[in-house]
> 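Supplied in C-alpha cells, the structure appears directly below.
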Amino acid sequence: MISTILMAVTLVAANGGGASKAAQQVSQKKQQEALVKLKDAAQAAEKGNCKRVIALAVPLADRPPAGLPSAFQYWAASLSAGCEAQNQDYDAAYRHVVIATRSDAAPDALWYMRLWLEHHKGDDAAAVATVEAMSSGRGRALNAIPRPLLFDLDTALKKAGNTALRIRLLKVLSADSYIPDDTVLPPDAFKQRYATLLFAQGQKDEARAVVKSIREPAIVRDMLFEPGLRTLFGPDYDFRALVERRNAALKRIAQEHPDLLEPVVIRSVYLQILGKPQEALQILNAARAKIDVPNHYSDAQHQVIWFWNEWASAETMLGKYDDAVAAFRQATSKQEDGGANVSQVINLAATQLQFAHPEAALSTLKAFDDDSRSTSPFGEMQFREVRGCANSRLGHADKANSDLEYLQQHEADAPAALTDMLICMDDVDSAAASYIRRLQNPEQQAGALIELSDFADPPVQLPSYPGQKVLKQLKARADVRAAAAQAGGIRHLNVQDVSY
C-alpha cells in the first residue's frame, strides 16, 4: 500500500494536482506542499517512524486541501490509521479507517482493522453494518476476516440478547458467497447458529432450508441432538452416508489443492469415523514425506500438529499404543497457535490413561508445570480431568479430590469434564446428577445425548477408558434415561464415536 501511495503521489504532483481550475480552492503551491507532506509520510511509514507519520498525515486526513483527487484523503487516512492503531490510539484509528474504507482502493487489511476496532470498542451495530458492507462488493475482504473474530462478534451479540443484529450477521455468513479463506471447510458452523436462531424465532421453513445446505458431519451430528433442529431430520437419517459423501468431496479438494494439508487431515478424521483407521493412516503416510519439505504445505504451521494428532488417533483405534504415543510425541514438540503445545499433551495423557498407564499420564502432564504452557478455561478443565482421573486410579485421593473440587467450581467452562471425572471416580450417583443437569440445559443437551448414544462397534476392541462400566450403568439408570428422553432422546449412529 505504501509503495502505491508513493507512486500515486508522484504522478499527481507531476500532473499539477490533477484538478480543474474551477475546482481549485487553494493555490497550486499549497497543493504541492500537501503532496510533498503525504509523500514524506509514506516514506516515514516505510521506515516505521509512526511519530512522523502522524504529524504529517493526520492533518491531511482531517482537512484535505481542496483541488486534489479524492483519493488523497484516503491515502492520508490509511497512513494515519495504521500508526494510530499501532500506538493503541483506537478512537483516532477508527475515525481514520472509516474514512479510508470509503475508497474502493482500500485494501482488505483496512476492512479487517475497521471490523476489529468496532468489535474491540463494543460497537456491535457498526460491526454488523461493516460485515454487511463487505458482503456488498467487498466479498474478498470478508472472506479474509479470521473466523474467530466473526465467532466472537456473534457470541457477543448472543450474550447481549441482540437477536435482530445476530440474524443480520448470520444471514451474511450463511450466504453461498461467503467462503472463508482460512479453511477448506464451508461456513457450516455459522449456518448452524443461523438455523438455530431462525427455528427459535418460529421461522421453521427458513431454518430447514439452511439445515439442508449444511454439509459438515461435525455440525450435522450436533444438530441431530439439538433441541428443535433435530425435528428437521427424519428418525432414519443416514448420517454415515453424509460422512461418505464428505470424504469423497474432501478427496477431490485435496487433489485440487495439493499445497494444503488441511483436507488430508480432515479426510483422515472422516475415515476414522467410518471405521477405517488403516485407510486414514495410508493417506497420512502419503503426505508424511512432504511435511518436511519447506513451504510445500502453505498451511503447515497450523495443520502439522493436527496431522500428528490424527495419526495418533488412527493408531489408537488400531490398538497400537506405542505407535500412538510416538505420533503424539511428534505433535507435542510443535507449537500450537504460536505457543507451547497444549491439546496434544492432554490427548497423549488421555491415551496413556486409556491403556492403563496412569503413571505415564501424570508424567506427561508435568509439562504444565511450566508456566509458559498456558491453557484456556476449557483446556484447563480437560487438563484437570485427565490429571484427576490418573491420580484417582493410582489411589491418590487428596490430589484427585483437589482437581474434582476445581472441576465442580468451574463446571460451566466444560460441563462434560466434570461428568467424566465423576465417572472415572466410580461416583455413579454424582455422575448421574451431572448428566441430568446437562440434559436439562438447552445449551448442553446435545453433548450429553451424544455421549449417551450408541455407535458402531470399533474395528479393534480397545482397553476401556476408566469408568466405562460406570457409563454403562448410567445409560441404564431410570433417572438418566428419563432426562435423556425429555431432552429428545438418544440415537444410534452407524459410525465410530470419534472426537472431532
Side-chain angles (χ1 to χ4, degrees), residues 272 275 277-278 280-281 308-333 341-369 379-404 406-407 414 416-432 434-435 450-452 454-476 496-500:
Q272 291 175 68
Q278 194 62 56
L281 286 172
W308 286 114
N309 187 89
E310 295 315 317
W311 189 304
S313 177
E315 297 284 17
T316 300
M317 286 187 72
L318 291 168
K320 296 182 178 180
Y321 172 74
D322 291 337
D323 291 335
V325 170
F328 273 130
R329 296 286 187 207
Q330 289 277 1
T332 58
S333 68
N341 185 275
V342 170
S343 299
Q344 282 67 44
V345 173
I346 295 173
N347 291 347
L348 169 57
T351 299
Q352 291 168 324
L353 192 54
Q354 177 181 359
F355 282 81
H357 298 293
E359 301 94 338
L362 290 177
S363 178
T364 294
L365 293 175
K366 284 186 178 297
F368 288 96
D369 293 345
E380 182 71 15
M381 292 287 282
Q382 309 312 307
F383 159 64
R384 296 270 187 163
E385 185 271 314
V386 176
R387 187 178 68 177
C389 184
N391 275 313
S392 177
R393 291 289 139 174
L394 290 168
H396 304 158
D398 289 346
K399 292 179 179 179
N401 287 329
S402 176
D403 280 326
L404 173 62
Y406 180 93
L407 293 167
L418 174 59
T419 311
D420 290 343
M421 180 64 176
L422 293 168
I423 290 174
C424 174
M425 299 179 75
D426 298 330
D427 189 342
V428 180
D429 291 337
S430 296
S434 176
Y435 262 129
I450 290 171
E451 293 167 23
L452 293 168
D454 299 318
F455 293 82
D457 291 334
V460 174
Q461 195 63 41
L462 301 175
S464 296
Y465 193 82
Q468 287 302 299
K469 291 182 179 179
V470 171
L471 181 58
K472 289 181 180 179
Q473 294 177 44
L474 291 167
K475 289 182 176 182
Q496 295 300 301
D497 183 13
V498 174
S499 298
Y500 57 102

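Position 1 is the first residue of the sequence, and the numbers go up from there.
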> Taking atom CD1 of I423 and atom NZ of K472, what is their separation to the nearest 0.5 Å?
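These two atoms lie 13.0 Å from each other.
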> Let me confirm one number: the CZ-CG distance from F455 to D497, rounded to the nearest 0.5 Å.
4.0 Å
> Are any non-hydrogen side-chain atoms of H357 and Y321 less than 4.5 angstrom apart?
yes
> If we ignore hydrogens and angles and just use 3.5 Å, is the side chain of Q496 paired with the main-chain N or O of D457 as donor and acceptor?
yes
> Using every non-hydrogen atom in the two residues, find where T419 and A431 come nearest and quote the distance to one decimal.
CG2-O, 4.3 Å
> Test your reading of the model: is there a side-chain donor-acceptor pair from S434 to the backbone of S430, 3.5 Å cut-off?
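Flag not set: sc S434 to bb S430 has no pair under 3.5 Å.
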> Any idea which heavy atoms bring Q352 and A361 closest together, and the distance?
OE1-CA, 3.3 Å
> Between N401 and M425, does the side chain to side chain contact (heavy atoms under 4.5 Å, CB included) criterion hold? Intermediate values first, please.
CA-CA 10 Å; N401 287 329; M425 299 179 75; 3.4 Å; yes
> So, taking the atom named CD in Q344 and the one named OG in S333, what distance separates them when rounded to the nearest 0.5 Å?
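One finds 10.0 Å between CD of Q344 and OG of S333.
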> With the side chain counted from C-beta on, respond yes when P466 and L353 share a heavy-atom pair under 4.5 Å apart, and no when they do not.
yes
> How about NZ on K399, more than 12 heavy atoms from neighbouring residues, nucleotides or ligands closer than 6.0 Å, or not?
no
> Determine, stepwise, if the pair L404 / L418 fulfils side chain to side chain contact (heavy atoms under 4.5 Å, CB included).
CA-CA 7 Å; L404 173 62; L418 174 59; 3.8 Å; yes
> Could you walk me through whether R387 and R384 pass the side chain to side chain contact (heavy atoms under 4.5 Å, CB included) check?
CA-CA 5 Å; R387 187 178 68 177; R384 296 270 187 163; 3.6 Å; yes
> Show the nearest heavy-atom pair for residues W308 and A331, with the distance to one decimal.
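In terms of heavy atoms, the two residues are closest at CB-CB, 3.7 Å.
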> Could you give the distance from CG (L474) to NZ (K469), rounded to the nearest 0.5 Å?
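The NZ atom of K469 is 14.5 Å from CG of L474, to the nearest 0.5 Å.
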> For T316 and A312, indicate whether the former's side chain and the latter's backbone hold a donor-acceptor pair under 3.5 Å.
yes
> For a quick test of reading the model, state the closest non-hydrogen atom pair linking A280 to Q272 and the distance between them.
CB-CG, 4.0 Å
> Got L422 and Y435 here, is their nearest side-chain heavy-atom distance under 4.5 Å?
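Side chain of L422 against side chain of Y435, heavy atoms only: no contact under 4.5 Å found.
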> Decide yes or no for T364 and T332: does some side-chain heavy atom of the first lie under 4.5 Å from some side-chain heavy atom of the second?
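Side-chain contact under 4.5 Å: no.
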> Quick one: are K475 and D454 in side-chain contact, heavy atoms under 4.5 Å?
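Yes, side chains in contact.
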> Taking C-beta and beyond as the side chain, do L362 and L394 meet within less than 4.5 Å on heavy atoms?
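Yes, their side chains come closer than 4.5 Å.
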> So do the side chains of S343 and N309 get within less than 4.5 Å of each other, counting heavy atoms only?
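They are not in side-chain contact.
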> Any donor and acceptor pair, going by atom type alone, linking the side chain of S392 with main-chain N or O of G388 inside 3.5 Å?
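Judged by distance alone, no pair lies under 3.5 Å.
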> Looking at CG of L318 and CG of D323, how far apart are the two atoms once the value is rounded to the nearest 0.5 Å?
9.5 Å
> Can you name the closest pair of heavy atoms from V428 and Q473 and give their distance?
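That closest heavy-atom pairing would be CG2-OE1, 3.7 Å.
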> Between Y406 and E380, is a side chain to side chain contact (heavy atoms under 4.5 Å, CB included) present by the stated rule, with each step listed?
CA-CA 10 Å; Y406 180 93; E380 182 71 15; 3.2 Å; yes
> When rounded to the nearest 0.5 angstrom, what is the spacing between CG in L407 and CE in M381?
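Between atom CG of L407 and atom CE of M381 there are 4.5 Å.
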> Can any side-chain N or O of R393 pair as donor or acceptor with the backbone N or O of C424 at less than 3.5 Å?
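Checked: pair present.
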> If you take all heavy atoms of A414 and Q382, which pair is closest and at what distance?
CB-NE2, 3.5 Å
> Below 4.5 Å, heavy atoms only, C-beta onward: do F368 and I346 meet side chain to side chain?
yes
